[in-house]
Number of protein chains: 2
Amino acid sequence: METLQVKAAVTPEECVVTRTLAFVGSRWTPLVIWHLLDGPRRYGDLRRLLPGISPKTLADRLHALEEQGLTTRTVYPEKPPRVEYALTPRGRALGEILDSVARWAEEDERAGARAAT
Amino acid sequence: METLQVKAAVTPEECVVTRTLAFVGSRWTPLVIWHLLDGPRRYGDLRRLLPGISPKTLADRLHALEEQGLTTRTVYPEKPPRVEYALTPRGRALGEILDSVARWAEEDERAGARAAT
DNA sequence: CGGAATCCCGGTAGATACTG
DNA sequence: CAGTATCTACCGGGATTCCG
């Protein structure tokens, strides 16, 4: 087993980590994933959970997530129409990483608070 | 111990994960961190290791990283001048996360390759 | 060598209005 | 309800030039 591919990458485009982080780091994306960790959510649910997000942006995020295989989109042919978004196993796996990021970031804030004392 | 703060966040600005990922996800940043994982590097080293990066962008990244406490900047008053950048413990901790991201992303590519077969 | 200053371009994402 | 269609503004980041 050799080193991780990333080591070899020289440009951002070639680097999987860069590509992944650029994707997940786009505005609202982490919060969308976070809410979906609680279970499937409807488009309108997410809009309510994310006050300030525009319909276009939310649609963009959901499309991108689906395209990356992180979420699924299920249409229930009812009246009124119902559409549910849910994380795939891979999406949930990414959620785990977001969790570790959160822990890392909060260590920071704690240290900062301590230093400020 | 209650839930992670992130859960409570509703806007991207309030969310530590969003802020962190927006920061780390900016172009070239992961690669800069990656190279620093090998040890301290000089400005010129990094420019050579990152073909295509502009002086401004590299300076921006290094400033931001230093401001976030992820790197240190050491000036050796020699002639010609020498400046070294190195990861702090926190910076290295973030490197660990990048590593998990890399593993996550490569699972993806392997699955994709399999599906494409 | 290790940057800072300036200019500029392209893409991201927000606002708004409308539709199946 | 669950989006799409446009149009715009902002700024991240690249190219270039110059300085201590």
Side-chain angles (χ1 to χ4, degrees), chain A residues 9-15 17-33 35-36 40-68 71-86, chain B residues 10-15 18-33 35-36 40-68 71-86:
Chain A
V10 282
T11 66
E13 287 69 28
E14 294 168 4
C15 174
V17 175
T18 300
R19 290 201 307 269
T20 303
L21 291 182
F23 172 75
V24 197
S26 58
R27 205 165 138 86
W28 295 105
T29 301
L31 285 172
V32 170
I33 296 174
H35 285 298
L36 290 180
R41 291 286 178 267
R42 301 173 61 175
Y43 182 87
D45 290 340
L46 291 170
R47 287 209 68 182
R48 253 170 285 108
L49 290 167
L50 302 170
I53 196 173
S54 74
K56 170 178 174 292
T57 301
L58 179 53
D60 285 352
R61 294 300 171 273
L62 292 171
H63 288 157
L65 286 168
E66 189 183 359
E67 188 181 359
Q68 298 297 317
T71 60
T72 57
R73 191 185 105 113
T74 313
V75 184
Y76 297 90
E78 303 173 354
K79 188 177 171 326
R82 201 178 88 203
V83 178
E84 275 193 356
Y85 295 89
Chain B
V10 283
T11 66
E13 287 70 28
E14 295 168 3
C15 175
T18 300
R19 290 200 307 269
T20 303
L21 291 183
F23 171 75
V24 196
S26 56
R27 205 165 138 92
W28 296 105
T29 299
L31 285 174
V32 170
I33 297 174
H35 284 298
L36 290 180
R41 291 287 177 263
R42 302 173 60 175
Y43 183 86
D45 292 338
L46 292 170
R47 286 209 68 180
R48 255 172 284 108
L49 290 166
L50 303 170
I53 196 172
S54 73
K56 171 179 175 288
T57 300
L58 178 53
D60 285 352
R61 294 301 172 273
L62 292 171
H63 287 158
L65 286 167
E66 188 182 359
E67 187 181 1
Q68 298 297 316
T71 61
T72 57
R73 192 185 106 113
T74 313
V75 183
Y76 297 91
E78 304 172 354
K79 186 175 178 281
R82 201 178 87 201
V83 179
E84 274 192 358
Y85 295 89

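Everything numeric here is computed off the predicted structure, so don't read it as measured data. FYI, side chains are in, hydrogens and waters are out, and symmetry mates aren't considered; it's all heavy atoms of this structure. Just so it is clear: chains get the letters A, B, ... in the order the sequence lines come, proteins before strands, and each one is counted from 1.
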Angle separating the five-pair end axes of the helix from C/dC1-D/dG20 to C/dG20-D/dC1, nearest 10°, is 50°
For B/Leu62 against B/Val32, the heavy-atom pair lying closest together: CD2-CG1, 4.2 Å
Shortest non-hydrogen separation from B/Trp28 to B/Gly52 and the atoms involved: CZ2-C, 3.8 Å
Does the protein touch nucleotides 5-20 of chain D at the base, only the backbone, or not at all? Give it as B, S and - per nucleotide, heavy atoms under 4.0 Å. BB------BBBB----
Listed by chain and number, what are the side-chain hydrogen bond (donor to acceptor under 3.5 Å, both in side chains) partners of [X], not counting sequence neighbours?
X: A/Thr72; answer: none
X: B/Glu66; answer: none
X: A/Arg41; answer: none
X: B/Thr29; answer: B/Ser26, B/Arg61

Just the rounded figure in Å: distance from [atom2] of [N] to [atom1] of [X].
X: A/Arg73; N: D/dC1; atom1: CZ; atom2: P; value: 16 Å
X: B/Leu62; N: C/dG2; atom1: CG; atom2: C1'; value: 11 Å
X: A/Arg41; N: D/dA2; atom1: CZ; atom2: C1'; value: 17 Å
X: B/Leu50; N: C/dG2; atom1: CG; atom2: P; value: 14 Å
X: A/Glu84; N: D/dG3; atom1: CD; atom2: P; value: 12 Å
X: B/Tyr43; N: C/dC1; atom1: OH; atom2: P; value: 12 Å
X: A/Glu66; N: D/dA2; atom1: CD; atom2: P; value: 15 Å
X: B/Arg48; N: C/dG3; atom1: CZ; atom2: P; value: 13 Å

Run the salt bridge (charged side-chain N to carboxylate O under 4.0 Å, His left out) test against B/Arg48 and tell me which residues pass, sequence neighbours left out. B/Asp45
In chain order, what residues pass the salt bridge (charged side-chain N to carboxylate O under 4.0 Å, His left out) check against B/Arg47, with sequence neighbours excluded? none
Is the phosphate of D/dT4, meaning OP1 or OP2, less than 4.0 Å from a side-chain N or O of A/His63? yes
State whether B/Arg82 places a side-chain N or O below 4.0 Å from either non-bridging phosphate oxygen (OP1 or OP2) of C/dC1. no
Please pick, from D/dT4, C/dG2, C/dG3, the nucleotide with the shortest atom-to-atom distance to any side-chain atom of B/Tyr85. C/dG3
Output all residues satisfying side chain to side chain contact (heavy atoms under 4.5 Å, CB included) with B/Glu84, sequence neighbours left out; order by chain, then residue number. B/Pro40, B/Arg42, B/Tyr76, B/Arg82
